[in-house]
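These notes concern the structure reproduced below.
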Amino acid sequence: MRVLIVDDDTATVSFMRLAFEAAGDEVRTATTVDDALREAATMLPDVVLSDLTLARSVPDGADGFALLRALRSDTATAHVGVLAVSGADHPEVLRATEERGFDGFVAKPVDIASLIERVHRLGEVVAERAGSGGVDRA
């Protein structure tokens, strides 16, 4: 499984990276939307885990929603599974992630074992999605 972790918190990135690598996954990381899009273009991830509040680290205000739009608009990454990962687990945030096309929401702090299992299940859906050319939500 190829996993791209996008978060501007280096401790979160390190923690997730170690856990997914220990599970046998290929992992790349990014701290900005631009970095994430470059990584996605070269890696072609199965699943992207994206923080929603990347705006605090970049001047242009790009965030997890902007990343999702860019991934979905590129035919090479349109089928990729994308999970929103955020400490803001308010009902309006959950609704926004669903309405805008994320494949799911994960609240911080994450239960890493559950997250790995969920990512691997989503990876199976992504494989089917890529084969059919569609973007069905998991």
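The model shown is predicted, which means the values in this text are computed figures rather than measured ones.
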>> Looking at R72 and V80, would you say the former's side chain and the latter's main chain have a donor-acceptor pair under 3.5 Å?
In response: yes
> Measuring from F65:CZ to T53:OG1, what's the distance to the nearest 0.5 Å?
Replying inline: 10.0 Å
> For R118 and F105, which heavy atoms make the closest approach, and how far apart are they?
Replying inline: NH1-O, 2.9 Å
> Does the D103 side chain pair with the main chain of V82, one donor and one acceptor, at a distance under 3.5 Å?
Replying inline: yes
>> Any non-hydrogen side-chain atom of L67 less than 4.5 Å from a side-chain atom of L37?
In response: yes
>> M1 and side-chain contact (heavy atoms from CB on, under 4.5 Å): which single residue from L122, V27, D46 fits?
In response: D46
>> Just verifying a value: how many Å separate T31 OG1 and D7 CG, rounded to the nearest 0.5 Å?
In response: 9.0 Å
> Nearest heavy-atom pair of L49 and V3: which atoms, and what distance?
Replying inline: CD1-CG1, 4.2 Å
>> Once rounded to the nearest 0.5 Å, what's the spacing between atom CD1 of I5 and atom OG of S50?
In response: 11.5 Å
> If we only count heavy atoms from C-beta on, is the V85 to V110 side-chain gap below 4.5 Å?
Replying inline: yes
>> side-chain contact (heavy atoms from CB on, under 4.5 Å), that's the test. Do F102 and L52 meet it? Break it down for me.
In response: CA-CA 11 Å; F102 279 91; L52 293 178; 3.7 Å; yes
> Is there a side-chain contact (heavy atoms from CB on, under 4.5 Å) between D51 and K108 once you walk through the steps?
Replying inline: CA-CA 10 Å; D51 186 18; K108 289 180 182 177; 3.6 Å; yes
>> Is there a side-chain contact (heavy atoms from CB on, under 4.5 Å) between T42 and R28? Walk through the geometry before answering.
In response: CA-CA 10 Å; T42 60; R28 300 247 185 114; 3.1 Å; yes
> Which pair of non-hydrogen atoms, one from A23 and one from I116, has the smallest distance, and what is that distance?
Replying inline: CB-CG2, 4.0 Å
> Can you tell which of L71, V126, L44, V125 makes a side-chain contact (heavy atoms from CB on, under 4.5 Å) with H79?
Replying inline: V126
> Is there a donor-acceptor pair under 3.5 Å between the side chain of T97 and the backbone N or O of L94?
Replying inline: yes
>> Can you tell me how far apart CG (D111) and CD (E117) are? Round to the nearest 0.5 Å.
In response: 9.5 Å
>> For a side-chain contact (heavy atoms from CB on, under 4.5 Å) check, start with the C-alpha distance between D25 and H120, then their side-chain angles and the critical distance, and finish with the verdict.
In response: CA-CA 9 Å; D25 298 315; H120 288 182; 2.8 Å; yes
